[in-house]
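Structure, as structure tokens:
Letters go in sequence order (proteins before strands), and every chain restarts at 1.
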Amino acid sequence: MLEYPGLVLTDQVLVERPTTFPYVPGLLSFREVPALLEALGQLPAAPDLILCDGHGYAHPRRFGLACHLGLWLDTPTIGVAKSRLTGSHDEPGPGEGRCRRPRERLGAVLRTRERVKPVFVSAGHRISLRTALALTLACATRYRLPEPTRLADKLSKAHRSGR
DNA sequence: GCGACAG
DNA sequence: ATCTTGTCGC
């Protein structure tokens, strides 16, 4: 857990659980949320916002992991995925004046740092895409991924290598 | 039928 | 996600 806007790390908990559900595109929540709930329950205080490693609204059923976790906890969440699951971007036609007019906006493709591969931001629970974008960018300092996600990933990696 | 497919 | 050699840039 980090404080905002300082992004100073205040708490960190780590849980290790066996998986009980396989990885199936579109059903990531069923694999990840159980462990996430356990970890969040061990924090000394409930966070005001959660940046999720996965999509929120940008999901085939418009209900990705960020939405699922956020609704369960009734806590604001943002989906910040490293790759696309559904939807498309770019490619307006070659002709002058051509532009894309999506029937539905799923999220945004955000380049958090110069020349780095962009991340896919979408609204999770109780937040607008606009605010989700602003907060994600505000949490991305020196790396591609926002600090909360990057530090959590680092913690899990360190845990594994130490065995 | 074929391609796509968060982590 | 994980595996895995070499490579690029600060």
Side-chain angles (χ1 to χ4, degrees), chain A residues 1-2 12-43 47 49-73 75-93 100 102-133 135-137 139-163:
Chain A
M1 181 150 75
L2 288 68
Q12 236 174 359
V13 298
L14 186 154
V15 299
E16 180 172 40
R17 301 285 107 118
T19 56
T20 61
F21 198 87
Y23 168 69
V24 179
L27 302 183
L28 185 62
S29 296
F30 300 100
R31 179 184 177 80
E32 313 273 315
V33 170
L36 287 173
L37 292 176
E38 287 202 32
L40 287 160
Q42 286 181 28
L43 285 172
L49 171 71
I50 301 174
L51 297 200
C52 303
D53 190 351
H55 294 284
Y57 189 75
H59 176 274
R61 304 304 298 273
R62 311 295 181 258
F63 203 74
L65 183 153
C67 302
H68 209 146
L69 182 66
L71 179 60
W72 192 282
L73 299 169
T75 295
T77 59
I78 297 175
V80 182
K82 300 183 290 298
S83 61
R84 178 179 63 78
L85 170 62
T86 189
S88 61
H89 61 284
D90 290 338
E91 307 312 308
R100 302 195 74 240
R103 295 188 288 85
E104 177 183 23
R105 183 170 294 290
L106 303 182
V109 186
L110 173 69
R111 203 183 297 285
T112 53
R113 298 290 293 163
E114 291 187 346
R115 292 181 297 279
V116 301
K117 182 183 177 193
V119 294
F120 298 74
V121 179
S122 60
H125 188 62
R126 290 194 168 192
I127 199 167
S128 65
L129 174 59
R130 191 179 202 298
T131 303
L133 267 173
L135 289 173
T136 298
L137 195 53
C139 288
T141 57
R142 193 166 176 240
Y143 305 85
R144 174 165 86 117
L145 297 179
E147 287 302 285
T149 306
R150 193 179 72 77
L151 294 179
D153 207 59
K154 180 205 272 186
L155 179 63
S156 68
K157 294 281 198 311
H159 175 66
R160 286 183 313 165
S161 63
R163 311 220 147 168

[X] [atom1] - [N] [atom2] separation (whole Å):
X: A:Leu85; N: C:dA1; atom1: CG; atom2: P; answer: 14 Å
X: A:Glu16; N: C:dA1; atom1: CD; atom2: C1'; answer: 15 Å
X: A:Arg62; N: B:dA6; atom1: CZ; atom2: C1'; answer: 14 Å
X: A:Lys82; N: C:dA1; atom1: NZ; atom2: C1'; answer: 9 Å
X: A:Leu36; N: B:dG7; atom1: CG; atom2: C1'; answer: 11 Å
X: A:Asp153; N: C:dT2; atom1: CG; atom2: P; answer: 8 Å
X: A:His55; N: C:dA1; atom1: NE2; atom2: P; answer: 12 Å
X: A:Leu145; N: B:dG7; atom1: CG; atom2: P; answer: 9 Å

Within the pair A:Arg84 and B:dA4, is there a side-chain N or O less than 4.0 Å away from OP1 or OP2?
-> no

Does a side-chain N or O from A:Thr86 land closer than 4.0 Å to OP1 or OP2 of B:dC5, or not?
-> no

How would you label the contact of A:Leu27 with the nucleic acid (heavy atoms, under 4.0 Å): base, sugar-phosphate, or nothing?
-> base

When we call it a touch if two heavy atoms are under 4.0 Å apart, what does A:Gly79 touch: a base, just sugar-phosphate, or nothing?
-> nothing

Identify the residue among A:Leu49, A:Leu69, A:Leu40, A:Ile50 that makes a side-chain contact (heavy atoms from CB on, under 4.5 Å) with A:Thr75.
-> A:Ile50

Answer yes or no for this row: A:Tyr23 ring on B:dG7 base, centroids under 5.5 Å, planes under 30°.
-> yes

Starting at the 5' end of DNA chain C and moving along, which residue's nearest nucleotide shows up first, A:Asp53 or A:Arg115?
->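 Looking at DNA chain C, the more 5' nearest nucleotide goes with A:Asp53.
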
Residues A:Tyr57, A:Leu129; criterion side-chain contact (heavy atoms from CB on, under 4.5 Å); working and verdict | CA-CA 9 Å; A:Tyr57 189 75; A:Leu129 174 59; over 6 Å; no

Shortest non-hydrogen separation from A:Ser29 to A:Gly64 and the atoms involved = OG-C, 4.0 Å

Between A:Arg144 and A:Lys82, what is the shortest heavy-atom contact and its length?
-> NH2-CB, 3.6 Å

Can you label the angle between the A:Phe30 ring and the A:Phe21 ring as parallel, tilted or perpendicular, going by 30° and 60°?
->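 A:Phe30 and A:Phe21: tilted rings.
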
